[in-house]
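Numbers here are sequence positions counted from 1.
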Amino acid sequence: MIRFVRSTLSALFVSLPILFAAPTISAAAEDPLITKPSPHDVPTTVQRLEAAVNSRGAAVVAKIDHAAAAEASGLSLRPTVLVLFGNPKLGTPLMQSEQTAGLDLPLRVLVWQDADGTTHVGYTPPNLIATRHGITDRPEVVEKIAGALAAIADETTAP
């Protein structure tokens, strides 16, 4: 089990530079990543994210501190925290349409500090998740999830 966790963490660290090398992208429908700057540091932003998620009846199911994992392996990484959360009433219908959507659910939001010290909040647009899994029969669910994610990001990054 420990080897699996270590190899999984290693794979995550290999993929992180790819994520961070991408420029900040606007919230257009086809964008692979929606990002918003946060006026708060990473720990405060994560706390605000968790509060925004919980206030909407969703639940945080995991929080992965990539920087802490890097440090435990003798590596350095700026603050980087992945928060996984969901509401089965919204996510389950997507998996009922196509079970492979479970690869992208529960939803995940990454909070990180860039080289300039700015904190960011980023997530995959739900319509991209639906497209990736060929889900075309639940546009109202995808739209509802998109609205919830946008509201959560706005509340999280508000001054």
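In this structure, the side chains of Thr156 and Asp154 stay at 4.5 Å or more apart for every pair of heavy atoms. Side-chain atoms of Gln113 and Thr118, non-hydrogen and from C-beta on, never get closer than 4.5 Å to each other. In this structure, the side chains of Leu94 and Val142 come closer than 4.5 Å at one or more pairs of heavy atoms. In this structure, Thr124 and Arg108 have side chains that are not in contact, with every pair of non-hydrogen atoms separated by 4.5 Å or more. In this structure, the side chains of Leu107 and Ile129 come closer than 4.5 Å at one or more pairs of heavy atoms. Here the side chains of Val53 and Val83 are not in contact, with every heavy-atom distance at 4.5 Å or above. Side-chain atoms of Val121 and Leu110, non-hydrogen and from C-beta on, never get closer than 4.5 Å to each other. Counting heavy atoms from C-beta outward, Asp114 and His120 have side chains that approach closer than 4.5 Å.
Within the 3.5 Å criterion, the main-chain N or O of Pro93 finds a donor-acceptor partner in the side chain of Arg138. A donor-acceptor pair under 3.5 Å links the side-chain atoms of Ser38 to the main chain of His40, judged by distance alone.
When the options Val141, Asp137, Thr136 are evaluated for a side chain to side chain contact (heavy atoms under 4.5 Å, CB included) with Ser97, the one that passes is Asp137.
By the neighbour-count criterion of 12 heavy atoms within 6.0 Å, atom CD of Glu140 is densely surrounded, having more than that number from other residues, nucleotides or ligands.
Using a cutoff of 4.0 Å between basic side-chain nitrogens and carboxylate oxygens, Asp104 and Arg132 are scored as salt-bridged.
His133 and Thr100 are linked by a side-chain donor-acceptor pair at a separation below 3.5 angstrom, with hydrogens and angles left out of the test. For the residue pair Asp41 / Thr119, no side-chain donor-acceptor distance below 3.5 Å is found, with atom types taken as modelled.
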